[in-house]
Trainee: 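The structure under discussion is supplied below as structure tokens; questions concerning it will follow.
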Amino acid sequence: MHTLFLDIKISLSLSLSLSLSLCATMANSEVNHKPHAIFIPYPLQGHVIPSVHLAIKLASRGFTITFINTHSIHHQTSKAQTNNTGDDIFSGVHESGLDIRYTTVSDGLPVEFDRSLNHDQFMAALLHVFSAHVDEMVGKIVRSAQPRVCCLIADTFFVWPSIIAKKFGLSYISFWTEPALVFTLYYHLDLLQENGHFGSHDIRTEAISYIPGVQSIEPKDMMSYLQETDTSSVCHQIVFKAFQDARGADFVLCNTVEELEVETISALQAQMPFYAIGPIFPSGFQKSIVSTSLWSESDCTQWLNNKPKGSVLYVSFGSYAHVTHRDLVEIANGLSLSKVYFVWILRADIVSSDCVNPLPVGYNEEVGNRAMIIPWCSQIAVLTNPAIGGFLTHCGWNSILESIWCKTPLLCFPLLTDQFTNRKLVVDDWKIGSNLSNRMPITKEEVSENINSLMSGKARDEYMKAIGQVREKLENATTPKGSSEQNMDSFIKDLKARTQPCELTKNLQSARTCNSNPRTQTHM
Ligand SMILES: *[C@@H]1O[C@H](CO)[C@@H](O)[C@H](O)[C@H]1NC(C)=O
Ligand SMILES: *[C@@H]1O[C@H](CO)[C@@H](O)[C@H](O)[C@H]1NC(C)=O
Ligand SMILES: *[C@@H]1O[C@H](CO)[C@@H](O)[C@H](O)[C@H]1NC(C)=O
């Protein structure tokens, strides 16, 4: 009955009448207390992981979730699995009664396209083409799904969520998977520009001390995109547009903990509804029943179980960043010199997907039984093994949160985007680890020295003490009275207050704004 009514309205092909009829549907039925959110993660490993676990968390709080992966992410995830879950990565959670629906959409490129090798083309597709596919899919779901869809949860890095949310009369919940510090720096790009710290040929090198809630930060600790003088790249366009769009967010959920970034978060809260709800982990901090890995995982449990407690360095540069061949060789030789045990995650495309074997000739024989070198693993399974004593990392935010959770001090080798800023938090602010290198270019001798001072001695004792404190803040935040749980409660309360009862006039207004906005039309 409702569907018929909607179809007639849609045939008039006005989003104005779409909003109107949806409201009528809502007003006719009982006000629905079960919020239904469409959730669209950014199609990169580091974003999909916390998105899947946030989706599960929200579903366990009573949300209906329709989770939309790209065809490419879905294809790679299913291929990577030993147990095929078929068309639905969430099939394992349905038994527990969670209402998570799953579908996929094209990112605009063929599934077999090498996104790692052709990064700029991939990003250009996300910038220019993806929104058309999302628009069509969201429209389809909004018109047919029960319970009625009330909100769109999408990664802050997308350039279109507030526009699409408005078009369909949904609340836009922006999901930020990096620290609040990084969010606020992007958000205040205009201040950085005014003060000559961004977007000019000779960028000022003095510390930045005018961002609300940020006492002081050196330009070299900003995200890589903000340190570049050429700001015409695809990624720059994405950042500019995404943070323009984020101003239209009704809520921002951030995978951080209030106690870790008190001032930054309270300054942001003065400007927008910003909720620190992290750390978002799989439940019980165990390998998730929902498979999120893009590559098949090697198991090194047996190998680790034979090693003394805290004796093994875990080395991983994440799923996405590339290391230059030169640096990779210095790191390899530094690991060899250090004499420590190590598990090294060496992705096939770590240098580039057309550089097949970047390690020095005879390296595997040289390090022998001291090393387990594998292409990919379950990071949680490795980090929770008592043999692990340190983590040489590219400083991706998920890796940092997981390492803190396992009280594993970090050795930092940031490569791009937020990793430089994350390094500052880890090394300078929280003192839970050190730099891999303080000199350029990096050398094997320095790598070896820094590995050894992370893994044993006085410096290690200091890192262990500090990381114990930070871990306790994370742990406290996730208890029922803790900040993250309380923030989640407030978010849900505020969202419900906003989405019911149906506000006819507001929806009409948004439909009108949307139709009369020329920028909207060029986007869609
Ligand atoms: C695969 O499925 C079997 C049977 O359902 C289960 O026992 C096993 O743990 C699964 N393996 C993985 C890696 O999930
Ligand atoms: C670590 O590296 C950063 C940035 O490369 C540098 O500013 C900082 O001084 C280094 N820390 C130490 C203790 O040398
Ligand atoms: C964690 O919570 C306990 C109990 O409220 C408190 O005593 C402790 O200081 C908190 N730890 C940190 C690091 O904030």
Side-chain angles (χ1 to χ4, degrees), residues 179 181-182 185 197 203-209 214-228 256-263 265-266 276 278-279 317 321 323-324 326-327 330-331 334 390-396 400-401 403-407 409-443 445-455 457-487:
L181 173 60
V182 175
L185 289 170
H197 279 112
I203 295 175
R204 275 176 61 193
T205 52
E206 295 94 340
I208 298 154
S209 54
V214 181
Q215 252 178 26
S216 177
I217 183 166
E218 306 266 339
K220 66 165 175 55
D221 293 327
M222 288 204 295
M223 297 76 82
S224 56
Y225 303 128
L226 302 193
Q227 297 190 45
E228 288 161 13
T256 191
V257 167
E258 206 161 299
E259 286 77 7
L260 287 185
E261 304 188 84
V262 177
E263 290 170 36
I265 291 171
S266 73
F317 303 117
V323 179
T324 66
R326 192 212 157 269
D327 287 353
E330 290 304 311
I331 291 168
F391 186 2
L392 167 49
T393 173
H394 67 307
C395 293
I400 292 172
L401 290 175
S403 202
I404 293 171
W405 197 255
C406 299
K407 296 187 199 155
L410 301 124
L411 197 52
C412 298
F413 185 58
L415 293 161
L416 76 166
T417 83
D418 61 322
Q419 296 153 21
F420 299 95
T421 318
N422 302 346
R423 183 216 63 83
K424 176 205 184 277
L425 293 171
V426 166
V427 177
D428 303 348
D429 296 0
W430 305 332
K431 307 191 190 327
I432 57 175
S434 71
N435 294 340
L436 176 65
S437 165
N438 290 320
R439 287 179 287 268
M440 283 295 188
I442 69 168
T443 63
E445 290 80 11
E446 196 193 5
V447 167
S448 162
E449 262 167 46
N450 287 330
I451 288 173
N452 281 311
S453 74
L454 184 88
M455 296 300 285
K458 243 178 83 192
R460 179 181 181 79
D461 297 342
E462 298 294 314
Y463 302 140
M464 290 303 286
K465 224 165 84 190
I467 209 166
Q469 285 288 306
V470 177
R471 148 79 200 220
E472 207 176 294
K473 285 184 187 171
L474 259 60
E475 203 175 349
N476 281 359
T478 55
T479 61
K481 288 267 171 279
S483 59
S484 290
E485 284 302 300
Q486 298 277 310
N487 290 337

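As the structure lists them, so they are numbered: ligands from 1, and atoms in each ligand from 1. Only heavy atoms go into these numbers, but all of them, side chains included; no hydrogens, no water, no symmetry mates. Since we're looking at a predicted model, the values are computed, not measured.
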Trainee: Are any side-chain N or O atoms of E446 and backbone N or O atoms of N438, one a donor and one an acceptor, separated by less than 3.5 Å?
Mentor: yes
Trainee: Mark whether atom 5 (O) of ligand 2 lies under 4.0 angstrom from at least one protein heavy atom.
Mentor: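 Within 4.0 Å: no protein heavy atom nearby.
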Trainee: Considering distance alone, does some N or O of S437 sit under 3.5 Å from an N or O of ligand 2?
Mentor: no
Trainee: Only heavy atoms count here, so choose which of T479, V470, N476, L474 is nearest to atom 3 (C) of ligand 3.
Mentor: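 When every heavy atom of T479, V470, N476, L474 is considered, N476 comes closest to atom 3 (C) of ligand 3.
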Trainee: What do the steps show when you test N435 against R423 for side chain to side chain contact (heavy atoms under 4.5 Å, CB included), and what is the final call?
Mentor: CA-CA 8 Å; N435 294 340; R423 183 216 63 83; 2.9 Å; yes
Trainee: Is Q469 close to ligand 3, meaning an N/O of one under 3.5 Å from an N/O of the other?
Mentor: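 Between Q469 and ligand 3 (N or O atoms, distance only) the closest approach is not under 3.5 Å.
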Trainee: Heavy-atom pairs closer than 4.0 Å: do any link ligand 2 to the side chain of E218, the backbone, both, or neither?
Mentor: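 E218 to ligand 2: no contact under 4.0 Å from either part.
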Trainee: Can you confirm whether some protein heavy atom lies under 4.0 Å from atom 11 (N) of ligand 3, or whether none does?
Mentor: yes
Trainee: Looking only at non-hydrogen atoms, which of E472, K481, K473 approaches atom 9 (O) of ligand 3 most closely?
Mentor: E472
Trainee: Side-chain donor-acceptor pair under 3.5 Å between N487 and E258, yes or no?
Mentor: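 Result is yes, a qualifying pair exists.
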Trainee: Is there at least one pair of N or O atoms, one from D221 and one from ligand 2, spaced under 3.5 Å apart?
Mentor: no
Trainee: If you count every heavy atom of other residues, nucleotides or ligands that lies below 6.0 Å from K481 atom NZ, does the total exceed 12?
Mentor: no
Trainee: Are T421 and I217 packed together at the side-chain level, in the sense that at least one heavy-atom pair is separated by less than 4.5 angstrom?
Mentor: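 A side-chain contact under 4.5 Å exists here.
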Trainee: Could a heavy atom of V427 be found less than 4.0 Å from some atom of ligand 2?
Mentor: no
Trainee: K424 versus D429: any side-chain heavy-atom pair under 4.5 Å?
Mentor: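 The answer is yes, as the side chains (C-beta and beyond) meet within the 4.5 Å cut-off.
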Trainee: Do L392 and F317 come close enough that some side-chain heavy atom pair is under 4.5 Å?
Mentor: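 With C-beta onward as the side chain, the pair touches.
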Trainee: Closest non-hydrogen protein atom to atom 1 (C) of ligand 2, residue and atom name please, with distance?
Mentor: N435 ND2, 1.4 Å
